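All remarks here apply to the structure that follows.
Letters A, B, ... are given to chains in the order of the sequence lines, protein chains preceding strands, and every chain is numbered from 1. Computed from a predicted structure; not experimentally measured.
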Amino acid sequence: MPGRAFTGADIRWAKSVRKPSLEEFVLGLRGSRIQAVQRRAKYILLPLDTGSTLVLHLGMTGGLILQHQDQPSHPMVRHCFFLDDGRGLCFLDPRKFAKLWLAADASEMFRLLGPEPLEAGFTAEVLARALAGHHIPIKALLLEQSVVAGLGNLYADESLYLAGIHPLRRAAELSGEETTRLRNAIVAALSGAVAQYDLGRADPSLEPPIKLIAWTIPRKLGAPCPRCGGPIAGIRVRGRSTYLCPRCQI
DNA sequence: AGTACGTCCTGATCGC
DNA sequence: TGCGATCAGGACGTAC
């Protein structure tokens, strides 16, 4: 895709466009050339030769398909970005949770994001500083993108399970040893999911990819904990469904 | 300032 | 078996 230019865009669900206005978004895209495809946290970035950046957030259920413009599009395609080679970058989004931006300054847009958990800068010390002074449940803090960039609800549960830490523990009250365990668990959960996804990509029939991820902790009430055999519990933390093992996570 | 919660959406799943 | 009700969640706005 890098090197291709946009000839236009068909935005079928206007609410997805966050900034700027729909008109400016479409006008700003037309004729601009894609320079690269990048990622920051849960955002996909397409820097353009105009200096602006097309930013995509897939939400929970979003996906991208590159196909010829005359091919019939899937009914869940909410938008299509037309390329100058006759193809279209189609944006599937059944639940309409995805978001689009045309950012004049992408670095400004991501100024408040925390460290990338799979990069070297994400150390136990960095995590410890992020937790300090916060009295909210550790699970709620893990979902703050300013603390760790890119952790979602299921990954937070998985990380806390692997670390043996109860999701309702107050963030600032974790010991240094627990913080290190949590840091390592976050890295393990994410890199494990990436590895599973890469394996699954070899077989497109296994889509959607989220189904590929085999979580260590069962996301089912009463299911046996793989570590101790006890029943998995379900609670809500800040309105988010949360699964844990009350015996292993303290 | 720090914390909590409602809102948007619709496919999948649950319970009667 | 069928159908209506409920659940799921990322980021932002609003409220306390």
Starting from [atom2] on [N], measure out to [atom1] on [X] and report it in whole angstrom.
| X | N | atom1 | atom2 | answer |
| --- | --- | --- | --- | --- |
| A:Leu142 | C:dA11 | CG | P | 14 Å |
| A:Leu143 | B:dT3 | CG | C1' | 14 Å |
| A:Leu58 | B:dT10 | CG | P | 18 Å |
| A:Asn153 | C:dC7 | CG | P | 15 Å |
| A:Leu112 | C:dA11 | CG | P | 13 Å |
| A:Lys19 | C:dG13 | NZ | C1' | 13 Å |
| A:Leu221 | C:dA8 | CG | P | 10 Å |
| A:Asp93 | C:dA11 | CG | C1' | 14 Å |

Please confirm whether the shortest side-chain N or O distance from [X] to OP1 or OP2 of [N] is below 4.0 Å.
| X | N | answer |
| --- | --- | --- |
| A:Tyr43 | C:dG10 | no |
| A:Gln145 | C:dG10 | no |
| A:Arg236 | C:dA8 | yes |
| A:His134 | B:dT3 | yes |

> When the aromatic ring centroids of A:Tyr43 and A:Trp101 are compared, is their separation below 6.0 Å?
Replying inline: yes
> Ring centroid separation for A:Phe91 and A:Trp13, is it under 6.0 angstrom?
Replying inline: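 Centroid distance A:Phe91-A:Trp13: not below 6.0 Å, so no.
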> A:Lys139 and A:Thr242: side-chain hydrogen bond (donor to acceptor under 3.5 Å, both in side chains), yes or no, with the steps?
Replying inline: CA-CA 9 Å; A:Lys139 155 117 189 217; A:Thr242 301; 2.9 Å; yes
Tell me whether [X] is salt-bridged to [Y], with the criterion being a basic N under 4.0 Å from an acidic carboxylate O.
| X | Y | result |
| --- | --- | --- |
| A:Arg183 | A:Glu125 | no |
| A:Arg12 | A:Asp10 | yes |
| A:Glu173 | A:Arg169 | no |

Under-3.5 Å N/O pairs linking protein and nucleotides 14-16 of chain B:
none

> When you measure from the side chain of A:Gln69 to the backbone N and O of A:Arg87, does any donor-acceptor pair fall under 3.5 Å?
Replying inline: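 Side chain of A:Gln69 to backbone of A:Arg87, a donor-acceptor pair under 3.5 Å: yes, one is there.
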Between N or O atoms, less than 3.5 Å apart, protein on one side and nucleotides 5-9 of chain B on the other: list the pairs.
from: B:dC9; atom 1: OP1; to: A:Lys15; atom 2: NZ; distance (Å): 2.8
from: B:dC9; atom 1: OP2; to: A:Lys15; atom 2: NZ; distance (Å): 3.3

>> Counting C-beta onward and ignoring hydrogens, is there a side-chain heavy-atom pair between A:Cys90 and A:Leu64 closer than 4.5 Å?
In response: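 A:Cys90 vs A:Leu64: side chains apart.
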> A:Phe25 and A:Lys19: which non-hydrogen atoms are nearest, and at how many Å?
Replying inline: CD1-O, 4.0 Å
